[in-house]
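Lettering of chains follows the sequences in order, A, B, ..., and the numbering in each one begins at 1.
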Amino acid sequence: MPELPEAERARAQIEKVLGREIVFVDDRDTYVCRPHAPGEIAEALIGRTLTVAHRRGKFLWAETSDDGPELGLHLGMAGRIAIDEPAHEKWDRFALEFADGSRLALRDKRRLGRALIEPDFDHIGPDAALISRDAFRERVGRGSMPLKARLLDQRSLAGVGNLLADETLWRAKLNPKRAAGELSEEELDHLRRVLRAATRDAIRKGGVHTGDFIPHRKRGHACPRCGTTVDRATVGGRTTFWCPNCQP
DNA sequence: AGGTCTGTTCAGCT
DNA sequence: TAGCTGAACAGACC
């Protein structure tokens with residue numbers, strides 16, 4: 001279940017194959033490669049190389065040589081980038097093969113990942129790890145939506161998933177159900193600092209889904225800070241855990 | 001073995 | 001327009 005930290009690892013993986021000539025593209029999965037027909041992505045990429053790998057939030061894209069189209073990739077909920085691993089017939093939803101025999105695959109059990117050319121990121125907000133203080137105040141601190149729902153909205157802010165949202169709100173001692181627009185500037189600034197720190201920690205630990213990032217995120221578990229049993233509810237359409245004592 | 005849960009994005013409502 | 005709901009997917013889990 002990739003979030004920003006996992007996406008950054010994936011971007012680094014893509015960097016390993018920059019400059020290699022693409023000789024084959026497996027774009028047969030019309031769901032993952034929508035809206036393209038089979039062969040369209042292949043036609044656009046064969047003969048070119050990937051030149052630069054970018055990321056904003058969870059969205060990945062690579063520039064291609066000779067003014068070629070950009071290649072957009074998204075890991076969905078279960079995807080990862082596999083470099084030079086033996087091909088997996090079922091789970092490799094998209095793949096590039098290079099002239100030197102190496103291979104890049106979008107390996108995704110759930111099939112919610114995406115691969116497409118000329119991706120459009122106009123509607124995606126600034127990266128959660130890079131957003132300025134003023135932009136954060138403006139984009140997050142508005143509206144009547146629950147604060148957690150606002151953090152998960154990739155148009156407001158790109159990169160925060162369910163686990164990172166819970167971890168960040170727990171560290172910041174903010175209740176996920178509070179209306180985002182009712183936070184003070186001080187609370188928003190604090191939230192932004194905590195979010196950046198939590199994101200850095202998650203990247204360092206190799207991702208947010210390693211198990212120990214937010215250990216109390218289970219029914220009936222105790223808050224690591226005060227021992228209170230955590231509450232559980234659906235907020236913004238997502239399962240949410242919080243400490244009713246620390247996050248009033 | 002079957003039902004429930006999982007998370008992100010997007011379409012389609014109000 | 002803002003915000004909410006459910007569909008899409010398919011494996012993990014109980």
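Taking the side chain of A/R111 as heavy atoms from C-beta on, and the options C/dA10, B/dT8, B/dC10, the nearest nucleotide is C/dA10. When distances run from any side-chain atom of A/K58 to the nucleotides B/dT9, C/dG3, B/dT6, the shortest one goes to B/dT9. With B/dC5, B/dT8, C/dG3 as the candidates, the nucleotide lying closest to the side chain of A/R232 is B/dC5. In the set B/dT6, C/dG3, C/dG11, the nucleotide with an atom closest to the side chain of A/T239 is B/dT6. With B/dC10, C/dC4, C/dA8 as the choices, the nucleotide that has an atom nearest any side-chain atom of A/P146 turns out to be C/dC4. Nearest nucleotide to the A/K109 side chain, out of C/dG3, B/dT9, C/dG11: C/dG11. For A/K90, taking side-chain heavy atoms from C-beta onward, the closest of the listed nucleotides C/dC4, B/dT8, C/dG11 is C/dG11. The side chain of A/R110 has C/dG11 as its nearest neighbour among B/dT8, C/dG11, C/dG3.
If you take CG of A/D153 and P of B/dC10, they are 11 Å apart, rounded to a whole angstrom. Separating the OH atom of A/Y31 from the P atom of C/dA10 is a distance of 8 Å, rounded to the nearest angstrom. The distance between atom CZ of A/F59 and atom C1' of B/dT9, rounded to the nearest whole Å, is 7 Å. The interatomic distance linking A/D108 (CG) with C/dA12 (P) rounds to 12 Å, in whole Å. Look at CG on A/L73: it is 16 Å from C1' on B/dT8, rounded to the nearest Å. C/dA10 atom C1' lies 16 Å from atom CZ of A/R107, rounded to whole Å. Rounded to an integer number of Å, the gap from A/M145 CE to C/dT1 C1' is 13 Å. Between the P atom of C/dG3 and the CG atom of A/L147 lies a distance of 13 Å, rounded to the nearest Å.
The residue from A/D26, A/D84, A/D92 that alone fulfils the side chain to side chain donor-acceptor pair (under 3.5 Å) condition with A/R103 is A/D92.
Note on A/H74: every side-chain N or O is 4.0 Å or more away from OP1 and OP2 of B/dT8. Phosphate contact (OP1/OP2 of B/dT8, side-chain N/O of A/Q154, threshold under 4.0 Å): absent. OP1 or OP2 of C/dG11 has at least one side-chain nitrogen or oxygen of A/W91 nearer than 4.0 Å.
Between the A/R93 side chain and the A/L106 main chain, no donor and acceptor come within less than 3.5 Å of each other.
Between A/F121 and A/W61, the ring planes are tilted. Angles from 30° to 60° get that label.
Nearest-nucleotide positions on DNA chain C place A/S144 closer to the 5' end than the other of A/S144 and A/R238. Both A/A149 and A/D29 lie near DNA chain C, and the one whose nearest nucleotide falls closer to the 5' end is A/A149.
Counting non-hydrogen atoms under 4.0 angstrom, A/R155 reaches nothing in the nucleic acid.
For A/R34, the CZ atom sits in a packed shell: over 12 heavy atoms of surrounding residues, nucleotides or ligands are nearer than 6.0 Å.
Using a 4.5 Å cut-off on side-chain heavy atoms (C-beta onward), A/L191 and A/L169 make contact.
Using a 4.0 Å cut-off between charged side-chain N and carboxylate O, A/R9 and A/E6 make no salt bridge.
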